[in-house]
2 protein chains.
Amino acid sequence: MNRPKQPKRTTIYDLAELAGTSASAVSAVLNGNWKKRRIGSQLAERITKLAEEQGYAVNMQASLLRREKSKIIGMIVPKYDNRYFGSIVETFETMARERGLFPIITCTRRDPNLEIEAAREMLSYQVEWVVSTGATDPDRVTDLCAASGVRSLNLDLPGSKAPSVISDNFSGARELTRRVLVNYERKLGHRSPLLFIGGRGNDHNTSERVRGFLAAHAEMGIAIDEHHILTCGYAPEKAEEALAAVARAEGSVPMGMFVNSTISLEGVMRWMTCSGHTGAKAPTLGCFDWDPFVALLCEDIEMVRQDVPAMLARVFDIIDHGAHAGSLIEIPPVFI
Amino acid sequence: MNRPKQPKRTTIYDLAELAGTSASAVSAVLNGNWKKRRIGSQLAERITKLAEEQGYAVNMQASLLRREKSKIIGMIVPKYDNRYFGSIVETFETMARERGLFPIITCTRRDPNLEIEAAREMLSYQVEWVVSTGATDPDRVTDLCAASGVRSLNLDLPGSKAPSVISDNFSGARELTRRVLVNYERKLGHRSPLLFIGGRGNDHNTSERVRGFLAAHAEMGIAIDEHHILTCGYAPEKAEEALAAVARAEGSVPMGMFVNSTISLEGVMRWMTCSGHTGAKAPTLGCFDWDPFVALLCEDIEMVRQDVPAMLARVFDIIDHGAHAGSLIEIPPVFI
DNA sequence: CGAGTCTGCTCAATCGATGGAGCAACAATT
DNA sequence: AATTGTTGCTCCATCGATTGAGCAGACTCG
């Protein structure tokens, strides 16, 4: 730093004074429409240089207050603790920036109140769009946004009042179940129904995956034990406890499982480790989600990878070109 | 929605008109200092109810423009693809909110230009602090911020011009190395030097970890092969290639390794899988970072977990109470 | 030469919220 | 009755950038 530290930030008025010109000329030059405003190129250059020297940065608050569009886009996301949401956020940020939008992301830790709180805060920042990812109650967010004339959009979990982009849970789950059933038969020499674990029974994704799970069993003529559909929630502890409970009640646990997310898988694996179901005694697994370490380290698991790039491409397609309020776009997940 | 959709957002002027009062009364009521401004409680209540009914949300742009402090705090983060950065971001968000700060987070994908670009953008939004996490060139960010009178702070990787909060890499690496050396001896019946892989040779964390790695070897009287310190970068592919290159050149690879991050570990495991170093032939591993699936699935690995809550506690301690510009705070990582 | 056009700029209102200053109206005190 | 104090509000300048309107001066053309 060769300049004395400013007590206040440099403004266009400071630059105008330094350049011996007016604030509006400075503004026009710095936001690029000086040609339209017929500012001479010499003056433009002088102002640009001065701005650089002074380390000038627009005051967005002032700029946005005056402008009609904020170019800010908000995203609500439940957690950062798995690859799926991580890549959603990273892709979202990148794609938003490519379009000249400024992304604001808030993690709501699966707390419905925080979701609303976060949405409200985003509205205060004049966001143009709110993307609710995996929201517990997306329609409430949509209502809140609509009341302020802000458009919204659901990702991962659908809502009824805004367009939704989600994975094709039914087809993905059916295919995943098929594969696990085949693996199971190959390994143990006989057919047997799988156990479904993880997720919330009343969320769309989980119920669609259960439907796919049941369809695959039906296709292969395998009867299912309804007690083995454990939609116990997403937290690892829940899955761990649910399996332990089944083991306690029935003396054993099915040796083939459909796990609804990597988060639940963490609980399943904890249970496997604690109860000694490892190595040869490890169950045949399928997981509706992907993690690189599991893919590398786990012998007997089939993973579906949700197609995050395709999902976000659709999200921005809707942002750029619109969609019907209740439309549901289902993106096929990828098998590796 | 029982109200017609507003073409424009509700402002305090709209509310003032509806309540038959002035905008300043509305403002005073809604930002909570109506007692100081001697607004009657009946009017206050009426305004509050109206605001609720109309779904009013302050225009932060206008509010911040007028106020002296923005209460916005920025964080730059390299990636969202591992648990370490994920929990940094999640903890940061939570702690910022607890203090009434609004967090803005940008992922720079380890691109030095994006780091500067992101910092510049944050300055435009009048952030009060910028936290550079794992930044390639943190001092450049600090300079940029200082030129606008904005304070900054480094996390994970230190800089020389702003206070830095990092892991105690030396002690952590020394202890981790000791443990892996012991595990190796227990498993194979003899002592042998480990291979170090991952990270950038010229970054502070990596060089400190190498120092700890060497110290542990020296303590135990084990000589090291300098060719086996592979600071090949962070990307998984780099680690994979580096190991393949050693195998090609020397015919084999040391059966004990110190891996510098989970990202590099991903590459190491890919190499292990591809080259058949699994099961009994798997190397004894240590990883300076933690991942739940690795911890559960990998037999022969020792992991250090960086103490994210403690690190962020110190970060906010500095934000709340200050620290010297160049101070370096080292947080001991946790062994599980 | 005067009217019209073009160039290069400045003026001033504006966005919405905030807060210092001030003004009625009424109560309390001397 | 005159003064002082209190309550409950309103007025208006302000934050910094943007933009429609407008104004000199130079240049063009019939």
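The structure displayed is predicted, hence computed values, not measured ones. Sequence lines set the chain letters: A, B, ... in the order given, protein chains first and strands last, and positions in each chain run from 1.
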For a side-chain contact (heavy atoms from CB on, under 4.5 Å) check, start with the C-alpha distance between B:Arg140 and B:Asp143, then their side-chain angles and the critical distance, and finish with the verdict. CA-CA 5 Å; B:Arg140 230 174 113 209; B:Asp143 282 344; 5.5 Å; no

Whole angstrom value for the distance that separates [atom2] of [N] from [atom1] of [X]:
{"X": "A:Lys36", "N": "C:dC6", "atom1": "NZ", "atom2": "C1'", "result": "19 Å"}
{"X": "A:Gln42", "N": "C:dT7", "atom1": "CD", "atom2": "P", "result": "15 Å"}
{"X": "A:Leu123", "N": "C:dG16", "atom1": "CG", "atom2": "C1'", "result": "16 Å"}
{"X": "B:Ile12", "N": "C:dT14", "atom1": "CD1", "atom2": "P", "result": "16 Å"}
{"X": "B:Glu17", "N": "C:dA17", "atom1": "CD", "atom2": "C1'", "result": "17 Å"}

A side-chain contact here means heavy atoms from C-beta on lying under 4.5 Å apart; do A:Thr21 and A:Val26 qualify? yes

Is there a side-chain contact between B:Glu93 and B:Met75 (heavy atoms, below 4.5 Å)? no

Would you sort out whether A:Asn82 and A:Tyr234 count as a side-chain hydrogen bond (donor to acceptor under 3.5 Å, both in side chains), showing the intermediate values? CA-CA 12 Å; A:Asn82 60 76; A:Tyr234 283 105; over 6 Å; no

Nucleotide interval of DNA chain D bounded by contacts with chain B (heavy-atom cut-off, under 4.0 Å): D:dT7 to D:dG16

Dot-bracket, DNA chain D: Watson-Crick or G-U, under 3.5 angstrom, [ ] crossing, | other strand? ||||||||||||||||||||||||||||||

Electrostatic pair B:Glu121:A:Arg97 at N-O distance under 4.0 angstrom: yes

With a 4.0 Å cut-off, would you call B:Asp320 and B:Arg99 a salt bridge? yes

Quick one: do the A:Thr10 and A:Gln54 side chains pair a donor with an acceptor below 3.5 Å? no

Can A:Asp156 and A:Tyr84 be counted as having a side-chain donor-acceptor contact under 3.5 angstrom? yes

Atom of B:Leu123, atom of B:Leu144 and distance for their closest heavy-atom approach: CD1-O, 3.7 Å

Might you list the N or O atoms of the protein lying below 3.5 Å from N or O atoms in nucleotides 19-26 of chain C, with each pair's distance?
residue, atom, partner, partner atom, Å
C:dG20, N7, B:Arg37, NH1, 2.9
C:dG20, O6, B:Arg37, NH2, 2.6

How about A:Phe85 and B:Tyr80: are their ring centres within less than 6.0 Å of each other? no

Return whichever of A:Ala62 or A:Leu43 has its heavy-atom-nearest nucleotide of DNA chain C closer to the 5' end. A:Leu43

If you round to the nearest 0.5 Å, how far is CD1 of B:Ile47 from CD of B:Glu52? 13.5 Å

Would you mind telling me which residue lines up with the more 5' stretch of DNA chain D, A:Leu65 or B:Ser22, judged by nearest nucleotide? B:Ser22

Under-4.0 Å side-chain N/O to phosphate OP1/OP2 contact, B:Tyr13 with C:dT18: no

